[in-house]
Amino acid sequence: MYEVIVDALPYIDQGYDEPGVRETAFAMVEEECRRYRPTKNYLEHLPPLNVSSFETPMMHNEFERLQNRLPMDTLSMKRYELPPPPSGKLNEVGAWLECVDNSQAQLEHQAVRILNLQLMLEYCCPAWQRYLQTLTDLEKIASKKLADLRQALQEVNWQRKSLQTKGGEQLKNLEAKWVALVSHNYEIEQACCMAEEYLAQLRQNSPLAQNQQT
């Protein structure tokens with residue numbers, strides 16, 4: 001594993017808005033994307049994706065119908081029909097009794113539907129209001145969590161800005177000290193060079209050096 005040292009301080013660094021900087025950054029990212037070739041499947045620890053896990057049998061059949069471009073089945077009204085006995089059983093009492101039982105079942109079914117409608121008229125509004133209140137409460141909870149996350153994010157950003165600002169001031173002070181030391185070293189080097197040149201001239205102009213030349 002390579003250790004990555006982040007040396008960018010976006011809150012104090014300058015030059016991001018200069019012409020060509022943004023294009024250069026994008027070009028570097030594209031170049032890295034072209035050179036990067038993943039050698040590991042990062043999703044191998046996950047189970048295979050099952051996109052049909054939520055489908056019910058009815059939904060599965062409907063998707064197959066749409067895929068095969070078949071027409072939709074028409075609404076069946078057979079359950080509401082009250083057919084008489086077949087023509088061959090018109091004189092049989094049992095066949096007519098079955099028709100009577102069917103009609104009674106249909107009437108009971110309609111009576112139950114009417115009762116459900118009456119119950120809905122009586123209790124639907126309070127139930128719907130309670131449902132809306134539940135949604136409102138859930139929305140308040142989610143909004144509070146979102147506000148807390150945004151506040152935490154803002155605090156992190158302020159903390160990063162504070163740390164980077166302090167670090168920037170330290171860097172500026174250190175840079176100023178480094179410049180001062182480099183300048184001082186340069187002045188010392190110049191003074192040393194001038195001293196060496198002066199000593200060399202003194203040696204050349206000394207009587208001992210002149211006697212050696214003669």
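It should be emphasised that the depicted structure is a prediction, and the values quoted were computed from it without experimental measurement.
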> At their closest point, which heavy atom of Q164 faces which heavy atom of Y11, and how far apart are they?
Replying inline: OE1-N, 3.0 Å

> Stepwise, does the side-chain contact (heavy atoms from CB on, under 4.5 Å) test hold for L163 with R160?
Replying inline: CA-CA 5 Å; L163 293 175; R160 290 176 64 242; 5.9 Å; no

> Is it true that K172 and E175 have a side-chain N and a carboxylate O under 4.0 angstrom from each other?
Replying inline: no

>> If you compare all heavy atoms of P83 against all heavy atoms of C99, which two are closest, and at what distance to 0.1 Å?
In response: O-SG, 3.4 Å

>> Using every non-hydrogen atom in the two residues, find where C124 and M120 come nearest and quote the distance to one decimal.
In response: CB-O, 2.5 Å

>> Looking at every non-hydrogen atom in both residues, tell me the closest pair between I12 and G168 and how far apart they are.
In response: CD1-CA, 3.1 Å

> With E31, which residues qualify under salt bridge (Lys or Arg N to Asp or Glu O under 4.0 Å), at least two apart?
Replying inline: R34, R35

>> One pair to check against side-chain contact (heavy atoms from CB on, under 4.5 Å): L117 and R113. What are the steps and the verdict?
In response: CA-CA 6 Å; L117 290 175; R113 294 187 65 182; 5.6 Å; no

> For the atom pair CD1 (I114) and CG (L119), what is the distance rounded to the nearest 0.5 Å?
Replying inline: 12.0 Å

> Roughly how far apart are L153 CG and W158 CH2, rounded to 0.5 Å?
Replying inline: 12.5 Å

>> Please determine whether side chain to side chain donor-acceptor pair (under 3.5 Å) holds for the pair S143 and E139, giving the CA-CA distance in whole Å, both sets of side-chain angles, and the decisive distance to 0.1 Å.
In response: CA-CA 6 Å; S143 298; E139 189 272 336; 2.8 Å; yes

> How about M59 and F54: do any of their side-chain heavy atoms sit closer than 4.5 Å?
Replying inline: yes

> If you group Ile, Leu, Val, Met, Phe, Trp and Tyr by side-chain heavy-atom gaps below 4.5 Å, do V179 and V182 land in one group?
Replying inline: yes

>> I need the minimum non-hydrogen distance between L70 and R65, along with the two atoms involved.
In response: O-NH1, 2.6 Å

> So, S183 versus N185: side-chain donor-acceptor pair below 3.5 Å or not?
Replying inline: no

> Do the side-chain N and O atoms of Q133 and D137 include a donor-acceptor pair separated by under 3.5 angstrom?
Replying inline: yes

> Just how far is it from atom CG of L46 to atom CG of N41, taken to the nearest 0.5 Å?
Replying inline: 9.0 Å

> How many angstroms lie between NZ in K177 and NE2 in H184, if you round to the nearest 0.5 Å?
Replying inline: 15.0 Å

>> Between F26 and R22, does the side-chain contact (heavy atoms from CB on, under 4.5 Å) criterion hold? Intermediate values first, please.
In response: CA-CA 6 Å; F26 280 137; R22 186 180 183 87; 3.5 Å; yes

> Is it the case that more than 12 heavy atoms not belonging to Q159 sit under 6.0 Å from its CD atom?
Replying inline: no

> Hey, does L171 have a side-chain heavy atom less than 4.5 Å from the side chain of N173?
Replying inline: no

>> Working note: L132 + T134, criterion side-chain contact (heavy atoms from CB on, under 4.5 Å); need CA distance, chi angles, decisive distance, verdict.
In response: CA-CA 5 Å; L132 293 179; T134 302; over 6 Å; no

> When clusters are formed by joining ILVMFWY residues with side-chain heavy atoms under 4.5 Å apart, either directly or through shared neighbours, do L135 and W128 land in the same one?
Replying inline: yes

> Going from CG on N102 to CG on L107, what distance comes out if it is rounded to the nearest 0.5 angstrom?
Replying inline: 9.5 Å

> In Å and rounded to the nearest 0.5 Å, what is the CD to CG distance from Q104 to L97?
Replying inline: 9.5 Å

